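As the structure lists them, so they are numbered: ligands from 1, and atoms in each ligand from 1. The structure presented is a predicted model; accordingly, all values stated were derived computationally and were not measured. Note: hydrogens, waters and symmetry copies are ignored here, and every other heavy atom, side chains too, is used.
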Amino acid sequence: MKIRTRMCTSLDGYVTTPDGWPAQLADPAFSPETYGFVEFQQTCDAVLMGRTTFEPALGAPQWPWGELDVFVLGSSRPAGTPDHVVVDSDPARLLERVREANRGGDVHLVGGPSTIEAFRALGALDRLGLVVVPFFVGSGMQLTPTVATDTALTFESARPLPGGPLEVTYVCG
Ligand SMILES: NC(=O)c1ccc[n+]([C@@H]2O[C@H](COP(=O)([O-])OP(=O)(O)OC[C@H]3O[C@@H](n4cnc5c(N)ncnc54)[C@H](OP(=O)(O)O)[C@@H]3O)[C@@H](O)[C@H]2O)c1
């Protein structure tokens, strides 16, 4: 099992739009298929994310994570959270639950920055994957300084996606 991010980041380095939505949603052409998320999640058993990133899914017209196990780092269980979702306030304990449930696939660490840092600090972030979206957003949230800037990264792969995004992956640590 590898824990992997696949964070979308704008050309000017923001992972959110100015109003706090994931940067890729500013692309009118965005779809989980064209951005490679469907393909990526076929290699995964589970998604892992912070409560802030999780909560909008509760109001989405369609559950975004299909049959994947869902793990949320948060101090409270948001109202309406389906029973199968595991919520825990302690990153190390949540990591243990992720490992116990794992069936051999990878884990998509969806974000946001503070949850990425929580698992990076535990030495559990195996791959920092980014999808550079082909536009500027002007302002928003960046990965840093929340994610430690001394993170050791070694290039692993890069590939262009249809329509202009670029997927890049680094091995961590
Ligand atoms: N561009 C992309 O691909 C992408 C992907 C995902 C998210 N995002 C964006 O990222 C933003 C959210 O990022 P974020 O960093 O603010 O929030 P987040 O990581 O999604 O969630 C933060 C919450 O997780 C819990 N948490 C985080 N670190 C913790 C720790 N060390 N110990 C215990 N609990 C911890 C806390 O929950 P409690 O408050 O319940 O204690 C905290 O409030 C959103 O605007 C979202 O749109 C972008």
Side-chain angles (χ1 to χ4, degrees), residues 3-41 44 46-60 63-65 68 70-82 85-98 106-125 127-149 151 161 163-170 172:
I3 296 186
R4 317 170 65 102
T5 69
R6 198 167 184 278
M7 286 288 278
C8 291
T9 178
S10 67
L11 281 175
D12 47 350
Y14 297 102
V15 297
T16 73
T17 63
D19 49 0
W21 290 99
Q24 65 271 29
L25 299 189
D27 182 355
F30 171 78
S31 81
E33 289 82 10
T34 57
Y35 269 63
F37 281 105
V38 172
E39 177 192 351
F40 176 67
Q41 289 185 346
C44 296
V47 287
L48 170 62
M49 71 202 80
R51 182 187 53 75
T52 307
T53 294
F54 171 69
E55 277 186 338
L58 294 170
W63 183 245
W65 298 296
L68 296 171
V70 180
F71 296 88
V72 176
L73 182 62
S75 53
S76 61
R77 190 174 184 88
T81 299
V85 175
V86 175
V87 182
D88 201 300
S89 61
D90 180 67
R93 203 166 49 214
L94 187 60
L95 179 61
E96 203 45 48
R97 297 187 72 177
V98 169
D106 287 341
V107 175
H108 179 189
L109 176 48
V110 180
S114 59
T115 299
I116 293 174
E117 176 57 19
F119 290 97
R120 189 211 63 81
L122 289 174
L125 179 60
R127 297 289 184 279
L128 182 76
L130 300 172
V131 176
V132 182
V133 300
F135 49 83
F136 301 116
V137 298
S139 65
M141 183 183 289
Q142 297 180 303
L143 282 176
T144 59
T146 304
V147 176
T149 54
T151 304
L161 301 173
L166 177 68
E167 180 191 74
V168 289
T169 306
Y170 296 88
C172 302

Looking only at atom types and distance, does a side-chain atom of [X] sit under 3.5 Å from a main-chain N or O of [Y], one as donor and one as acceptor?
X      : Y      : value
Thr144 : Val147 : no
Thr53  : Gly112 : yes
Glu33  : Val38  : no
Arg6   : Glu167 : no
Thr16  : Trp21  : no

Looking only at N/O atoms, are [X] and ligand 1 under 3.5 Å apart anywhere?
X      : answer
Pro113 : yes
Leu73  : yes
Arg6   : no
Ser114 : yes
Cys8   : yes
Thr115 : yes
Ser75  : yes

Just to confirm my output: which protein heavy-atom neighbour is closest to [atom], and how far is it?
atom                    : answer
atom 33 (C) of ligand 1 : Ser89 O, 3.2 Å
atom 6 (C) of ligand 1  : Val110 O, 3.2 Å
atom 42 (C) of ligand 1 : Thr52 OG1, 4.6 Å
atom 37 (O) of ligand 1 : Gly74 CA, 3.6 Å
atom 9 (C) of ligand 1  : Thr16 CG2, 3.6 Å
atom 31 (N) of ligand 1 : Ala118 CB, 3.6 Å
atom 12 (C) of ligand 1 : Thr53 OG1, 3.8 Å

Counting heavy atoms only, which of Val15, Thr17, Asp88 is nearest atom 48 (C) of ligand 1?
->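 That would be Val15.
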
Hey, looking at atom 46 (C) of ligand 1, which of Pro56, Gly20, Pro91, Gly112 has the closest heavy atom?
->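 Closest candidate by heavy-atom distance is Gly20.
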
Do any heavy atoms of Gln24 fall under 4.0 Å from ligand 1?
->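 For ligand 1, residue contact (heavy atoms, under 4.0 Å) with Gln24 is present.
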
Within-shell test, Arg51 vs ligand 1, heavy atom, strictly < 4.0 Å =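 True for this residue.
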
Taking only Lys NZ, Arg NE, NH1 and NH2, and the carboxylate oxygens of Asp or Glu, determine whether Glu96 and Arg93 approach each other closer than 4.0 Å.
->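 Salt bridge between Glu96 and Arg93, a charged N being under 4.0 Å from a carboxylate O: no.
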
When you look at Leu73 and Phe119, which way does the side chain to side chain contact (heavy atoms under 4.5 Å, CB included) test go after all the steps?
-> CA-CA 10 Å; Leu73 182 62; Phe119 290 97; 4.1 Å; yes

Could any protein non-hydrogen atom be found less than 4.0 Å from atom 22 (C) of ligand 1?
->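 Flag for atom 22 (C) of ligand 1 set to true, protein heavy atom closer than 4.0 Å.
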
Min side-chain heavy-atom separation Gln41-Leu68 under 4.5 Å =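 Of all side-chain heavy-atom pairs linking Leu68 with Gln41, at least one is under 4.5 Å.
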
Near Trp63 CH2, under 6.0 Å, is it more than 12 heavy atoms from other residues, nucleotides or ligands?
->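 Counting neighbours around CH2 of Trp63, more than 12 heavy atoms of other residues, nucleotides or ligands fall under 6.0 Å, so yes.
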
Enumerated ligand 1 atoms positioned under 4.0 Å from heavy atoms of [X]:
X      : value
Met141 : 11 (C), 13 (O), 16 (O)
Gly50  : 18 (P), 19 (O), 20 (O), 21 (O), 24 (O)
Ala23  : 1 (N)

Counting heavy atoms only, which part of Phe54 comes closer than 4.0 Å to ligand 1: side chain, backbone, both or neither?
->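 For Phe54, no heavy atom sits under 4.0 Å from ligand 1.
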
Ligand 1 versus Ala121, non-hydrogen atoms closer than 4.0 Å: side chain, backbone, both, neither?
->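 Neither; nothing of Ala121 gets under 4.0 Å from ligand 1.
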
